[in-house]
Amino acid sequence: MTELPGFWRTEIWHPLSVHLPLAVLVLGTLFFLISTIIKSVFWEDMSKILAITGTIGVWVGIYTGNLADSAVSRQICDPTVLKAHEVNAYIVGWIFSGVSAIIILEYFGFLKKIKKLIKLALVILSIIGSGILIYTGHLGATLVYQQAAGVHIPSEDCSEFID
Amino acid sequence: MQMTNLKLNATVITVVFAVIFAFGISSCGGNTDVVDSGTYSGTIKKVEPEKTEIYVTLEDGKTIELYFIEETTLTKNGEKVDFSALAKGQEVEVEVKKVGKRLDPISVTIKE
């Protein structure tokens, strides 16, 4: 008889931690665009808060992803997808770390002389970062829905669900 | 003057992107290749002890990623050795079995 594995497995922490930064960073990028178009300080401040929060979330996601990697890489049939997911996640992490560093340096008044360039760099980096982030999410989804990465597949007779 | 500023801005942004992508790709061993089942010689590019995983650059320049499995044997001078015996830069001979696009290492022999 197959035994039902416990829910709180190592690989579970990754999906639990990646969706928040995904939503926050895409929303932050949208707010950057809105603030550029309507020239609103409120939207710009909101976008900066979301960018920094999301960046912290991305690195948490990468940490939990590395934990999940050990658990699933020996089970899936195409680890090249996992590798592409990992490489793109690191690129996203560094892009938004760059964005956050610029925001923090600007906040403390270090970048006053190149304010226009900073604004341009933030928008460009955020748009590209969000694009790669969405692609990274897509790769993660294919790992789960096409290769059952980290997923328990019930036995044919569902015997592990019988008390 | 305006043109010079534009060129400077473009250069700064290009450098920022180049650094970010270099960091991103090098942080996790870079992209890897898939080869057919067989025995290959190469050099260890990276060892990840916590994942019992190694990256090997083969003689043809391809890089393969190998996660040790229960069946994997690791030997040096004909004797079984522990995973901790592996280090970056070592010459190795690996026998791999291709399962889908996954490469399961059957044996790893440290040459030096």
Side-chain angles (χ1 to χ4, degrees), chain A residues 10 55 58-59 62-63 65-102 111 113-129 132-133 136 143 146-149, chain B residues 2 4-37 45-56 62-72 83 96-106:
Chain A
T10 309
T55 303
V58 166
W59 288 109
I62 287 173
Y63 174 74
N66 278 326
L67 296 177
D69 179 298
S70 304
V72 307
S73 53
R74 290 165 180 85
Q75 298 159 4
I76 57 175
C77 296
D78 186 0
T80 60
V81 179
L82 181 63
K83 180 50 72 178
H85 178 61
E86 189 183 359
V87 168
N88 282 287
Y90 273 103
I91 291 171
V92 169
W94 287 113
I95 286 178
F96 281 105
S97 294
V99 168
S100 297
I102 291 170
L111 306 168
K113 287 179 182 172
I114 48 169
K115 210 159 186 173
K116 276 188 180 174
L117 173 65
I118 290 305
K119 184 94 178 165
L120 179 70
L122 284 179
V123 173
I124 292 174
L125 284 171
S126 298
I127 291 171
I128 292 174
I132 300 172
L133 176 62
T136 306
L143 284 168
Q146 290 188 316
Q147 300 196 55
Chain B
Q2 211 171 13
T4 315
N5 276 343
L6 199 67
K7 275 185 184 173
L8 181 69
N9 290 355
T11 310
V12 170
I13 290 172
T14 308
V15 169
V16 168
F17 274 109
V19 170
I20 285 169
F21 276 83
F23 264 118
I25 290 166
S26 65
S27 299
C28 55
N31 287 316
T32 53
D33 299 289
V34 181
V35 295
D36 287 326
S37 297
K45 183 183 174 188
K46 191 178 179 185
V47 180
E48 296 216 17
E50 67 280 5
K51 296 181 187 174
T52 53
E53 175 198 12
I54 58 171
Y55 292 79
V56 179
K62 286 180 177 171
T63 299
I64 56 172
E65 184 180 18
L66 303 173
Y67 288 90
F68 279 42
I69 55 175
E70 277 184 28
E71 296 77 32
T72 308
F83 187 86
V96 296
K97 184 183 170 192
K98 189 179 175 188
V99 182
K101 283 187 179 173
R102 190 181 74 226
L103 297 174
D104 287 343
I106 306 301

Review point. In Å, rounded to the nearest 0.5 Å, how long is the span from CD of Glu53(B) to OG of Ser70(A)?
Key: 7.5 Å

Practice item. Give a yes or no on whether Tyr63(A) atom OH has more than 12 heavy-atom contacts from other residues, nucleotides or ligands under 6.0 Å away. Key: no

Revision key, fill the gap. Taken to the nearest 0.5 Å, the spacing of Lys101(B) NZ from Cys77(A) SG works out to 11.0 Å

Practice item. Side chain from CB out, backbone as N, CA, C, O: work out which of these in Gln75(A) comes under 4.5 Å of a heavy atom of chain B, or both, or neither. Key: backbone

Revision key, fill the gap. Max heavy-atom pairs within cutoff under 4.5 Å with chain B, candidates Leu82(A), Asp78(A), Val92(A), goes to Asp78(A)

Check your understanding: Does atom NZ of Lys98(B) have more than 12 heavy-atom neighbours from other groups under 6.0 Å away?
Key -> yes

Review point. Which bit of Val34(B) is near chain A, if near means a heavy-atom gap under 4.5 Å: side chain, backbone, both or neither?
Key: side chain

Review point. Which atoms of Ile76(A) come close to chain B, meaning under 4.5 Å heavy atom to heavy atom: side chain ones, backbone ones, both, or neither?
Key: backbone

Study note, to complete from the structure: Honestly, the part of Asn88(A) sitting under 4.5 Å from a heavy atom of chain B is neither

Point to revise | Gap between atom OG of Ser73(A) and atom CD of Glu65(B) - 0.5 Å precision | key: 7.5 Å

Point to revise | Test side-chain contact (heavy atoms from CB on, under 4.5 Å) applied to Glu50(B) and Asn66(A), step by step | key: CA-CA 10 Å; Glu50(B) 67 280 5; Asn66(A) 278 326; over 6 Å; no

Practice item. Sort out for me which of Asp69(A), Val81(A), Thr80(A) touches chain B most, counting heavy-atom pairs under 4.5 Å. Key: Asp69(A)

Study note, to complete from the structure: Output for pair (Asp33(B) CG, Lys83(A) NZ), nearest 0.5 Å, gives 11.5 Å

Review point. Are the side chain of Arg74(A) and the backbone N or O of Phe68(B) linked by a donor-acceptor pair below 3.5 Å?
Key: yes

